[in-house]
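Below, chains carry the letters A, B, ... as their sequence lines are ordered, and counting in each starts from 1.
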Amino acid sequence: EHLQTQHLSIPSGKRVQHTFPQLFFYKPNLWWPNGMGKQALYHVTITVDVKGHGESDSWSHMYGFRKIESYIDSATGGRLFKVNGQPIFIRGGNWILSDGLLRLSKKRYKTDIKFHADMNFNMIRCWGGGLAERPEFYHYCDIYGLLVWQEFWITGDVDGRGVPVSNPNGPLDHDLFMLCARDTVKLLRNHPSLALWVGGNEQVPPPDINNALKDELKLHPHFESLHNTGKTVQELS
Amino acid sequence: MAEIGKTVLDSGWLAARSTEVHLSGTQLTTTHSPSGLDKPWMEAAVPGTVLGTLVKNKAVPDPFYGLENEAIIDIADSGREYYTFWFFTTFQCKLSANQHLDLNFRGINYSAEVYLNGNKKILPKGMFRRHSLDVTDILHPDGQNLLAVLVHPPDHPGTIPPEGGQGGDHEIGKDVATQYVEGWDWMAPIRDRNTGIWDEVSISITGPVKIIDPHLVSTFFDGYKRVYLHTTTELENKSSSVVECDLNIQVTSELEGGVCIV
(Lines give C-alpha, C1' and ligand atoms only; values in the text may rest on other atoms or scores of the structure.)
Protein backbone atom coordinates (compact mmCIF):
# COMPACT_ATOMS: atom_id res chain seq x y z
CA GLU A 1 0.00 0.00 0.00
CA HIS A 2 3.03 2.23 0.14
CA LEU A 3 3.57 2.35 -3.59
CA GLN A 4 1.76 4.84 -5.74
CA THR A 5 1.97 5.97 -9.38
CA GLN A 6 0.61 9.17 -10.85
CA HIS A 7 0.40 9.95 -14.53
CA LEU A 8 1.00 13.51 -15.65
CA SER A 9 2.07 15.46 -18.71
CA ILE A 10 4.42 18.42 -18.49
CA PRO A 11 4.61 21.13 -21.17
CA SER A 12 7.98 21.66 -22.79
CA GLY A 13 10.47 23.73 -20.81
CA LYS A 14 8.05 24.08 -17.89
CA ARG A 15 8.55 23.59 -14.16
CA VAL A 16 5.49 22.24 -12.33
CA GLN A 17 4.66 21.36 -8.73
CA HIS A 18 2.87 18.07 -8.08
CA THR A 19 1.35 16.74 -4.86
CA PHE A 20 0.70 13.01 -4.49
CA PRO A 21 -2.52 11.89 -2.82
CA GLN A 22 -1.62 11.27 0.80
CA LEU A 23 -0.24 7.82 1.67
CA PHE A 24 -1.95 6.09 4.61
CA PHE A 25 0.04 4.24 7.29
CA TYR A 26 -1.53 2.27 10.13
CA LYS A 27 0.51 2.50 13.34
CA PRO A 28 3.85 3.17 11.62
CA ASN A 29 7.05 2.93 13.65
CA LEU A 30 7.56 6.45 14.98
CA TRP A 31 10.86 8.35 15.13
CA TRP A 32 11.85 9.23 18.71
CA PRO A 33 14.69 11.37 20.10
CA ASN A 34 17.62 9.75 21.86
CA GLY A 35 16.49 8.18 25.14
CA MET A 36 12.76 8.11 24.29
CA GLY A 37 12.58 5.23 21.84
CA LYS A 38 13.89 4.06 18.49
CA GLN A 39 14.79 6.28 15.58
CA ALA A 40 12.65 4.40 13.05
CA LEU A 41 13.42 5.54 9.51
CA TYR A 42 11.59 4.76 6.29
CA HIS A 43 13.17 4.80 2.86
CA VAL A 44 11.17 7.11 0.58
CA THR A 45 11.95 6.85 -3.14
CA ILE A 46 10.48 9.01 -5.88
CA THR A 47 11.13 8.16 -9.54
CA VAL A 48 9.86 9.65 -12.78
CA ASP A 49 9.53 7.55 -15.94
CA VAL A 50 9.10 9.35 -19.24
CA LYS A 51 7.14 7.65 -22.02
CA GLY A 52 9.48 6.64 -24.81
CA HIS A 53 12.56 7.28 -22.69
CA GLY A 54 12.44 5.23 -19.51
CA GLU A 55 13.50 6.32 -16.04
CA SER A 56 14.38 10.02 -16.15
CA ASP A 57 15.30 10.87 -12.54
CA SER A 58 15.10 9.47 -9.04
CA TRP A 59 15.33 10.84 -5.52
CA SER A 60 15.44 9.10 -2.18
CA HIS A 61 15.54 10.10 1.47
CA MET A 62 15.43 8.45 4.91
CA TYR A 63 12.26 9.76 6.56
CA GLY A 64 10.98 9.53 10.14
CA PHE A 65 7.35 9.86 11.23
CA ARG A 66 7.30 12.23 14.19
CA LYS A 67 5.40 15.26 15.43
CA ILE A 68 7.44 17.96 17.14
CA GLU A 69 5.72 20.78 18.96
CA SER A 70 7.27 23.58 20.99
CA TYR A 71 5.83 26.63 22.66
CA ILE A 72 6.76 29.18 25.30
CA ASP A 73 5.58 28.13 28.74
CA SER A 74 3.79 31.12 30.30
CA ALA A 75 4.83 30.09 33.82
CA THR A 76 8.57 29.88 33.22
CA GLY A 77 9.06 31.78 29.94
CA GLY A 78 11.04 28.76 28.77
CA ARG A 79 10.37 26.84 25.58
CA LEU A 80 8.72 23.46 26.15
CA PHE A 81 9.05 20.68 23.59
CA LYS A 82 6.85 17.68 22.88
CA VAL A 83 7.65 14.82 20.53
CA ASN A 84 4.79 12.61 19.38
CA GLY A 85 2.68 14.18 22.10
CA GLN A 86 5.16 13.29 24.87
CA PRO A 87 6.86 16.13 26.78
CA ILE A 88 10.65 15.86 26.58
CA PHE A 89 13.26 17.32 28.94
CA ILE A 90 15.82 18.86 26.63
CA ARG A 91 19.44 17.99 27.34
CA GLY A 92 21.23 19.96 24.69
CA GLY A 93 24.71 20.89 23.57
CA ASN A 94 26.00 23.94 21.74
CA TRP A 95 27.41 23.34 18.27
CA ILE A 96 29.46 25.82 16.31
CA LEU A 97 30.86 23.65 13.54
CA SER A 98 32.89 20.56 12.87
CA ASP A 99 36.14 22.27 11.79
CA GLY A 100 37.22 25.93 11.64
CA LEU A 101 38.56 25.51 8.10
CA LEU A 102 35.36 23.69 7.00
CA ARG A 103 37.13 20.36 6.50
CA LEU A 104 33.78 18.60 6.88
CA SER A 105 33.48 14.81 6.61
CA LYS A 106 30.80 12.17 7.16
CA LYS A 107 33.22 10.30 9.42
CA ARG A 108 33.76 13.35 11.64
CA TYR A 109 30.04 14.14 11.76
CA LYS A 110 29.20 10.54 12.68
CA THR A 111 31.79 10.52 15.48
CA ASP A 112 30.84 13.93 16.87
CA ILE A 113 27.10 13.28 16.79
CA LYS A 114 27.31 9.75 18.19
CA PHE A 115 29.42 11.27 20.99
CA HIS A 116 26.54 13.63 21.81
CA ALA A 117 24.11 10.70 21.87
CA ASP A 118 26.48 8.74 24.11
CA MET A 119 26.55 11.75 26.46
CA ASN A 120 22.80 11.23 26.71
CA PHE A 121 21.99 14.46 24.90
CA ASN A 122 18.79 14.75 22.87
CA MET A 123 19.32 18.14 21.18
CA ILE A 124 22.12 20.01 19.38
CA ARG A 125 21.84 23.78 18.95
CA CYS A 126 23.55 25.10 15.81
CA TRP A 127 24.76 28.61 16.71
CA GLY A 128 23.91 31.48 14.33
CA GLY A 129 27.55 32.54 13.88
CA GLY A 130 28.43 29.13 12.43
CA LEU A 131 26.82 27.28 9.54
CA ALA A 132 23.44 26.12 8.42
CA GLU A 133 24.61 22.58 9.00
CA ARG A 134 24.94 20.14 6.16
CA PRO A 135 22.72 17.18 5.14
CA GLU A 136 25.37 14.79 6.45
CA PHE A 137 25.13 16.42 9.90
CA TYR A 138 21.36 16.01 9.88
CA HIS A 139 21.59 12.44 8.58
CA TYR A 140 23.51 11.34 11.68
CA CYS A 141 21.20 13.36 13.93
CA ASP A 142 18.34 11.40 12.31
CA ILE A 143 20.13 8.14 13.04
CA TYR A 144 21.21 8.91 16.63
CA GLY A 145 18.09 10.81 17.67
CA LEU A 146 19.52 14.30 18.23
CA LEU A 147 16.91 17.01 17.71
CA VAL A 148 18.38 20.06 15.96
CA TRP A 149 17.81 23.73 16.82
CA GLN A 150 19.10 25.53 13.69
CA GLU A 151 19.77 29.25 13.80
CA PHE A 152 19.97 31.54 10.79
CA TRP A 153 22.98 33.80 10.23
CA ILE A 154 22.37 36.62 12.75
CA THR A 155 24.30 37.09 16.02
CA GLY A 156 23.84 39.74 18.70
CA ASP A 157 27.54 40.65 18.68
CA VAL A 158 27.74 41.36 14.95
CA ASP A 159 24.17 42.51 14.33
CA GLY A 160 23.37 45.43 16.55
CA ARG A 161 24.31 44.43 20.10
CA GLY A 162 28.06 44.16 19.97
CA VAL A 163 30.93 46.50 20.82
CA PRO A 164 31.08 48.60 18.68
CA VAL A 165 27.38 48.48 17.82
CA SER A 166 27.25 47.58 14.11
CA ASN A 167 24.88 46.32 11.46
CA PRO A 168 21.74 47.21 13.41
CA ASN A 169 19.77 46.33 10.30
CA GLY A 170 21.59 43.05 9.66
CA PRO A 171 23.22 42.23 6.32
CA LEU A 172 23.14 44.75 3.47
CA ASP A 173 21.09 42.54 1.12
CA HIS A 174 17.90 41.28 2.80
CA ASP A 175 16.66 39.67 -0.41
CA LEU A 176 19.87 37.65 -0.59
CA PHE A 177 19.41 36.61 3.07
CA MET A 178 15.88 35.38 2.31
CA LEU A 179 17.02 33.62 -0.88
CA CYS A 180 19.66 31.77 1.14
CA ALA A 181 17.16 31.01 3.92
CA ARG A 182 14.59 29.58 1.48
CA ASP A 183 17.18 27.42 -0.25
CA THR A 184 18.54 26.19 3.09
CA VAL A 185 15.03 25.24 4.26
CA LYS A 186 14.50 23.25 1.05
CA LEU A 187 17.84 21.51 1.57
CA LEU A 188 17.13 20.42 5.17
CA ARG A 189 13.35 20.30 5.73
CA ASN A 190 12.82 16.54 5.28
CA HIS A 191 15.09 15.49 8.15
CA PRO A 192 13.13 14.17 11.17
CA SER A 193 15.77 15.57 13.55
CA LEU A 194 15.10 19.18 12.46
CA ALA A 195 13.12 20.52 15.40
CA LEU A 196 13.26 24.32 15.31
CA TRP A 197 14.33 27.17 13.03
CA VAL A 198 15.58 30.15 15.04
CA GLY A 199 16.11 33.68 13.64
CA GLY A 200 19.49 34.24 15.25
CA ASN A 201 21.64 34.12 18.36
CA GLU A 202 20.83 36.65 21.12
CA GLN A 203 19.21 38.89 18.54
CA VAL A 204 15.97 39.14 16.61
CA PRO A 205 16.62 39.54 12.87
CA PRO A 206 15.59 42.86 11.30
CA PRO A 207 11.75 43.07 11.21
CA ASP A 208 11.35 42.46 7.45
CA ILE A 209 13.55 39.35 7.59
CA ASN A 210 11.99 38.12 10.84
CA ASN A 211 8.44 38.55 9.54
CA ALA A 212 9.29 36.85 6.25
CA LEU A 213 10.89 33.90 8.08
CA LYS A 214 7.91 33.51 10.43
CA ASP A 215 5.45 33.84 7.58
CA GLU A 216 7.18 31.42 5.21
CA LEU A 217 7.93 28.82 7.86
CA LYS A 218 4.26 28.54 8.85
CA LEU A 219 2.39 25.33 8.14
CA HIS A 220 1.67 25.07 4.39
CA PRO A 221 -1.87 26.14 3.40
CA HIS A 222 -2.37 22.67 1.93
CA PHE A 223 -2.70 21.43 5.50
CA GLU A 224 -5.10 24.23 6.47
CA SER A 225 -7.73 22.29 4.51
CA LEU A 226 -7.38 19.50 7.04
CA HIS A 227 -8.41 22.04 9.69
CA ASN A 228 -11.79 22.34 8.01
CA THR A 229 -12.43 18.74 8.81
CA GLY A 230 -12.57 19.81 12.43
CA LYS A 231 -9.07 18.51 12.99
CA THR A 232 -7.32 20.65 15.57
CA VAL A 233 -3.89 22.01 14.88
CA GLN A 234 -2.68 19.46 17.43
CA GLU A 235 -3.05 16.79 14.80
CA LEU A 236 -0.68 18.24 12.25
CA SER A 237 3.02 17.73 12.28
CA MET B 1 22.94 5.42 -22.34
CA ALA B 2 24.79 7.11 -19.47
CA GLU B 3 23.36 6.03 -16.12
CA ILE B 4 21.07 8.60 -14.50
CA GLY B 5 22.03 9.87 -11.05
CA LYS B 6 24.57 11.98 -9.19
CA THR B 7 28.36 11.78 -9.29
CA VAL B 8 30.34 13.75 -6.69
CA LEU B 9 33.42 15.55 -8.01
CA ASP B 10 35.74 15.37 -4.97
CA SER B 11 39.07 14.26 -6.40
CA GLY B 12 41.68 15.40 -8.87
CA TRP B 13 41.18 19.11 -8.18
CA LEU B 14 44.01 21.64 -8.60
CA ALA B 15 44.19 25.18 -7.17
CA ALA B 16 46.24 28.30 -7.82
CA ARG B 17 46.25 31.86 -6.57
CA SER B 18 44.47 34.03 -9.16
CA THR B 19 47.23 36.67 -9.13
CA GLU B 20 49.74 33.99 -10.19
CA VAL B 21 47.71 32.65 -13.12
CA HIS B 22 48.04 34.81 -16.23
CA LEU B 23 45.42 32.99 -18.31
CA SER B 24 41.69 33.51 -18.67
CA GLY B 25 39.09 30.97 -17.65
CA THR B 26 38.38 30.38 -21.31
CA GLN B 27 42.04 29.56 -21.99
CA LEU B 28 42.25 27.36 -18.86
CA THR B 29 39.34 25.26 -20.12
CA THR B 30 40.32 25.06 -23.78
CA THR B 31 43.90 25.60 -25.00
CA HIS B 32 45.94 26.05 -21.80
CA SER B 33 44.57 23.71 -19.16
CA PRO B 34 46.94 22.95 -16.24
CA SER B 35 48.49 19.56 -16.77
CA GLY B 36 49.52 18.80 -13.20
CA LEU B 37 51.28 20.17 -10.14
CA ASP B 38 53.42 22.71 -12.03
CA LYS B 39 53.69 25.98 -10.08
CA PRO B 40 51.53 27.88 -9.27
CA TRP B 41 49.14 24.90 -9.36
CA MET B 42 48.83 22.67 -6.27
CA GLU B 43 46.65 19.77 -5.20
CA ALA B 44 43.32 21.18 -3.91
CA ALA B 45 40.95 20.00 -1.18
CA VAL B 46 37.43 20.20 -2.68
CA PRO B 47 35.07 20.51 -0.96
CA GLY B 48 37.14 22.85 1.18
CA THR B 49 38.46 26.38 1.53
CA VAL B 50 41.46 28.22 0.14
CA LEU B 51 43.18 28.06 3.53
CA GLY B 52 42.36 24.35 3.83
CA THR B 53 44.17 23.78 0.52
CA LEU B 54 47.15 25.94 1.57
CA VAL B 55 47.45 24.04 4.89
CA LYS B 56 47.15 20.71 3.04
CA ASN B 57 50.07 21.73 0.80
CA LYS B 58 52.03 23.12 3.77
CA ALA B 59 52.12 26.47 1.98
CA VAL B 60 51.17 27.97 5.36
CA PRO B 61 51.58 26.56 8.88
CA ASP B 62 48.61 24.85 10.49
CA PRO B 63 46.71 27.74 12.16
CA PHE B 64 45.51 25.46 14.94
CA TYR B 65 49.00 24.91 16.41
CA GLY B 66 50.45 27.35 18.91
CA LEU B 67 50.53 30.89 17.56
CA GLU B 68 50.97 29.75 13.95
CA ASN B 69 47.82 31.64 12.94
CA GLU B 70 49.78 34.81 13.51
CA ALA B 71 52.17 33.74 10.75
CA ILE B 72 49.41 33.64 8.14
CA ILE B 73 48.61 36.97 6.51
CA ASP B 74 45.09 38.14 7.14
CA ILE B 75 42.87 39.01 4.19
CA ALA B 76 42.50 42.54 5.63
CA ASP B 77 46.24 43.04 5.10
CA SER B 78 46.72 41.03 1.92
CA GLY B 79 43.63 42.25 0.07
CA ARG B 80 40.87 40.05 -1.36
CA GLU B 81 42.86 39.14 -4.50
CA TYR B 82 45.41 37.22 -2.38
CA TYR B 83 42.71 34.74 -1.35
CA THR B 84 40.88 34.75 -4.71
CA PHE B 85 41.71 31.31 -6.10
CA TRP B 86 41.24 29.22 -9.23
CA PHE B 87 40.05 25.64 -8.76
CA PHE B 88 40.40 23.26 -11.74
CA THR B 89 39.33 19.72 -12.53
CA THR B 90 38.20 17.50 -15.40
CA PHE B 91 35.34 15.03 -15.63
CA GLN B 92 34.22 12.42 -18.12
CA CYS B 93 30.62 12.46 -19.34
CA LYS B 94 28.99 11.32 -22.55
CA LEU B 95 25.22 11.77 -22.73
CA SER B 96 22.76 9.88 -24.89
CA ALA B 97 19.82 11.43 -26.74
CA ASN B 98 17.31 13.20 -24.50
CA GLN B 99 19.66 13.18 -21.52
CA HIS B 100 20.64 16.32 -19.58
CA LEU B 101 23.51 17.17 -17.26
CA ASP B 102 23.45 19.57 -14.30
CA LEU B 103 26.60 20.86 -12.58
CA ASN B 104 25.75 21.41 -8.90
CA PHE B 105 27.53 23.42 -6.20
CA ARG B 106 26.00 22.96 -2.72
CA GLY B 107 28.00 25.81 -1.17
CA ILE B 108 30.29 28.55 -2.53
CA ASN B 109 31.79 31.22 -0.27
CA TYR B 110 31.23 33.85 -1.47
CA SER B 111 30.75 34.14 -5.26
CA ALA B 112 32.37 32.53 -8.30
CA GLU B 113 32.79 32.39 -12.06
CA VAL B 114 32.54 28.94 -13.64
CA TYR B 115 34.23 28.08 -16.94
CA LEU B 116 33.37 24.80 -18.64
CA ASN B 117 35.04 24.00 -21.95
CA GLY B 118 35.51 27.72 -22.61
CA ASN B 119 31.98 28.78 -21.62
CA LYS B 120 31.48 31.17 -18.68
CA LYS B 121 28.68 31.06 -16.10
CA ILE B 122 28.27 33.16 -12.93
CA LEU B 123 27.57 31.81 -9.42
CA PRO B 124 25.99 34.79 -7.61
CA LYS B 125 26.89 35.90 -4.07
CA GLY B 126 25.76 34.12 -0.90
CA MET B 127 27.39 31.40 1.19
CA PHE B 128 24.22 29.46 2.01
CA ARG B 129 22.64 28.81 -1.38
CA ARG B 130 22.91 25.96 -3.85
CA HIS B 131 23.74 26.50 -7.50
CA SER B 132 22.65 24.15 -10.30
CA LEU B 133 23.76 24.84 -13.88
CA ASP B 134 22.32 22.98 -16.89
CA VAL B 135 25.50 22.40 -18.89
CA THR B 136 24.09 19.90 -21.40
CA ASP B 137 24.78 22.14 -24.38
CA ILE B 138 28.39 22.98 -23.49
CA LEU B 139 29.74 19.49 -22.85
CA HIS B 140 32.71 18.38 -24.89
CA PRO B 141 31.74 16.01 -27.76
CA ASP B 142 34.53 13.61 -26.87
CA GLY B 143 33.27 13.38 -23.27
CA GLN B 144 36.38 14.86 -21.61
CA ASN B 145 35.31 18.12 -19.93
CA LEU B 146 37.50 20.85 -18.45
CA LEU B 147 36.11 22.82 -15.46
CA ALA B 148 37.64 25.91 -13.82
CA VAL B 149 36.06 27.88 -10.97
CA LEU B 150 37.34 31.31 -9.85
CA VAL B 151 36.15 31.83 -6.26
CA HIS B 152 35.97 35.32 -4.72
CA PRO B 153 36.02 35.99 -0.93
CA PRO B 154 33.13 37.67 0.91
CA ASP B 155 32.61 41.31 -0.07
CA HIS B 156 33.20 42.56 3.48
CA PRO B 157 35.97 40.46 5.08
CA GLY B 158 36.58 43.13 7.71
CA THR B 159 39.66 43.95 9.76
CA ILE B 160 40.61 42.31 13.05
CA PRO B 161 41.12 44.98 15.75
CA PRO B 162 44.32 44.56 17.79
CA GLU B 163 42.21 43.61 20.80
CA GLY B 164 40.32 40.94 18.79
CA GLY B 165 36.81 40.58 20.17
CA GLN B 166 33.57 38.91 19.14
CA GLY B 167 33.38 39.05 15.37
CA GLY B 168 36.26 41.50 14.88
CA ASP B 169 34.99 44.79 13.42
CA HIS B 170 31.69 43.05 12.47
CA GLU B 171 32.06 43.93 8.77
CA ILE B 172 31.43 40.26 7.81
CA GLY B 173 27.87 40.79 9.07
CA LYS B 174 27.16 42.88 5.98
CA ASP B 175 27.32 39.68 3.90
CA VAL B 176 25.21 36.52 4.15
CA ALA B 177 28.00 34.33 5.41
CA THR B 178 29.24 32.60 8.54
CA GLN B 179 30.23 35.20 11.14
CA TYR B 180 32.74 33.44 13.41
CA VAL B 181 35.46 33.89 10.77
CA GLU B 182 36.57 37.29 12.12
CA GLY B 183 37.33 35.56 15.41
CA TRP B 184 35.39 35.11 18.64
CA ASP B 185 36.35 34.60 22.28
CA TRP B 186 36.82 30.87 21.52
CA MET B 187 38.29 31.15 18.04
CA ALA B 188 41.16 32.97 16.29
CA PRO B 189 40.29 34.77 13.03
CA ILE B 190 40.19 32.63 9.88
CA ARG B 191 42.62 34.38 7.54
CA ASP B 192 40.73 33.70 4.28
CA ARG B 193 37.25 34.04 5.93
CA ASN B 194 36.54 30.50 4.63
CA THR B 195 36.65 31.49 0.95
CA GLY B 196 36.20 28.50 -1.33
CA ILE B 197 34.09 25.67 -2.72
CA TRP B 198 33.17 24.77 0.84
CA ASP B 199 30.55 22.10 0.11
CA GLU B 200 29.84 19.27 -2.33
CA VAL B 201 30.31 19.60 -6.11
CA SER B 202 28.43 17.08 -8.23
CA ILE B 203 27.15 16.37 -11.72
CA SER B 204 23.74 14.78 -12.15
CA ILE B 205 22.44 13.08 -15.26
CA THR B 206 18.69 13.02 -15.90
CA GLY B 207 16.36 12.24 -18.76
CA PRO B 208 13.96 14.90 -20.03
CA VAL B 209 12.30 15.37 -16.60
CA LYS B 210 14.12 16.35 -13.39
CA ILE B 211 12.84 15.94 -9.82
CA ILE B 212 13.47 19.05 -7.69
CA ASP B 213 13.34 19.42 -3.87
CA PRO B 214 10.53 17.04 -2.83
CA HIS B 215 8.82 17.98 0.45
CA LEU B 216 7.65 15.26 2.87
CA VAL B 217 5.15 16.08 5.63
CA SER B 218 3.29 13.69 7.92
CA THR B 219 -0.02 14.22 9.74
CA PHE B 220 -1.18 12.20 12.74
CA PHE B 221 -4.63 11.15 13.96
CA ASP B 222 -6.21 8.76 16.49
CA GLY B 223 -3.25 8.74 18.85
CA TYR B 224 -0.68 8.15 16.09
CA LYS B 225 -2.48 5.05 14.81
CA ARG B 226 -3.66 6.76 11.62
CA VAL B 227 -0.78 8.55 9.87
CA TYR B 228 -0.59 10.16 6.42
CA LEU B 229 2.46 11.04 4.36
CA HIS B 230 1.96 14.07 2.12
CA THR B 231 4.51 14.49 -0.68
CA THR B 232 4.95 17.45 -2.98
CA THR B 233 7.70 17.80 -5.54
CA GLU B 234 8.71 20.13 -8.32
CA LEU B 235 9.35 18.65 -11.76
CA GLU B 236 11.08 20.30 -14.69
CA ASN B 237 10.61 19.27 -18.31
CA LYS B 238 13.94 20.14 -19.91
CA SER B 239 12.96 18.88 -23.35
CA SER B 240 11.46 20.84 -26.22
CA SER B 241 8.20 18.90 -26.32
CA VAL B 242 5.38 17.92 -23.98
CA VAL B 243 6.21 14.77 -22.06
CA GLU B 244 3.90 12.10 -20.66
CA CYS B 245 5.32 10.64 -17.50
CA ASP B 246 4.61 8.33 -14.60
CA LEU B 247 5.59 9.66 -11.19
CA ASN B 248 6.14 6.91 -8.60
CA ILE B 249 6.56 7.08 -4.85
CA GLN B 250 7.55 4.07 -2.77
CA VAL B 251 8.05 3.84 0.98
CA THR B 252 9.90 0.91 2.50
CA SER B 253 10.90 0.34 6.07
CA GLU B 254 13.93 -1.55 7.20
CA LEU B 255 12.90 -4.17 9.78
CA GLU B 256 15.36 -5.74 12.19
CA GLY B 257 18.15 -7.63 10.51
CA GLY B 258 17.94 -5.80 7.21
CA VAL B 259 14.62 -7.37 6.17
CA CYS B 260 12.58 -4.90 4.12
CA ILE B 261 8.83 -4.69 3.64
CA VAL B 262 7.40 -2.79 0.68
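Counting heavy-atom pairs under 4.5 Å between each of B:W186, B:Y228, B:F64 and chain A puts B:Y228 at the top.
Electrostatic pairing of B:D175 and B:R193 does not count as a salt bridge here, judged by no charged N lying under 4.0 Å from a carboxylate O. With respect to A:E202 and A:R161, no salt bridge is recorded, no charged nitrogen being found less than 4.0 Å from a carboxylate O. Under a 4.0 Å N-O distance rule, the pair B:D213/B:R130 qualifies as a salt bridge. In this structure, B:R191 pairs ionically with B:E70, as a charged nitrogen and a carboxylate oxygen lie closer than 4.0 Å.
Neither the backbone nor the side chain of B:E182 has a heavy atom closer than 4.5 Å to any heavy atom of chain A. For chain A, the nearby part of B:V55 is the side chain; its heavy atoms alone come within less than 4.5 Å. Only the side chain of B:I190 comes within contact range of chain A, with at least one heavy atom under 4.5 Å from a heavy atom of that chain. Contacts between A:L187 and chain B at a heavy-atom distance below 4.5 Å involve backbone atoms as well as side-chain atoms. With a 4.5 Å cut-off on non-hydrogen atoms, A:I10 touches chain B through its backbone and its side chain both. In this structure, chain A has no heavy atom under 4.5 Å from any part of B:P124. Proximity to chain B is limited to the side chain of A:L30, based on heavy atoms less than 4.5 angstrom apart.
No side-chain donor from either of A:T45 and A:S60 sits under 3.5 Å from a side-chain acceptor of the other.
Between A:I88 and A:F81 there is a side-chain heavy-atom pair separated by less than 4.5 Å.
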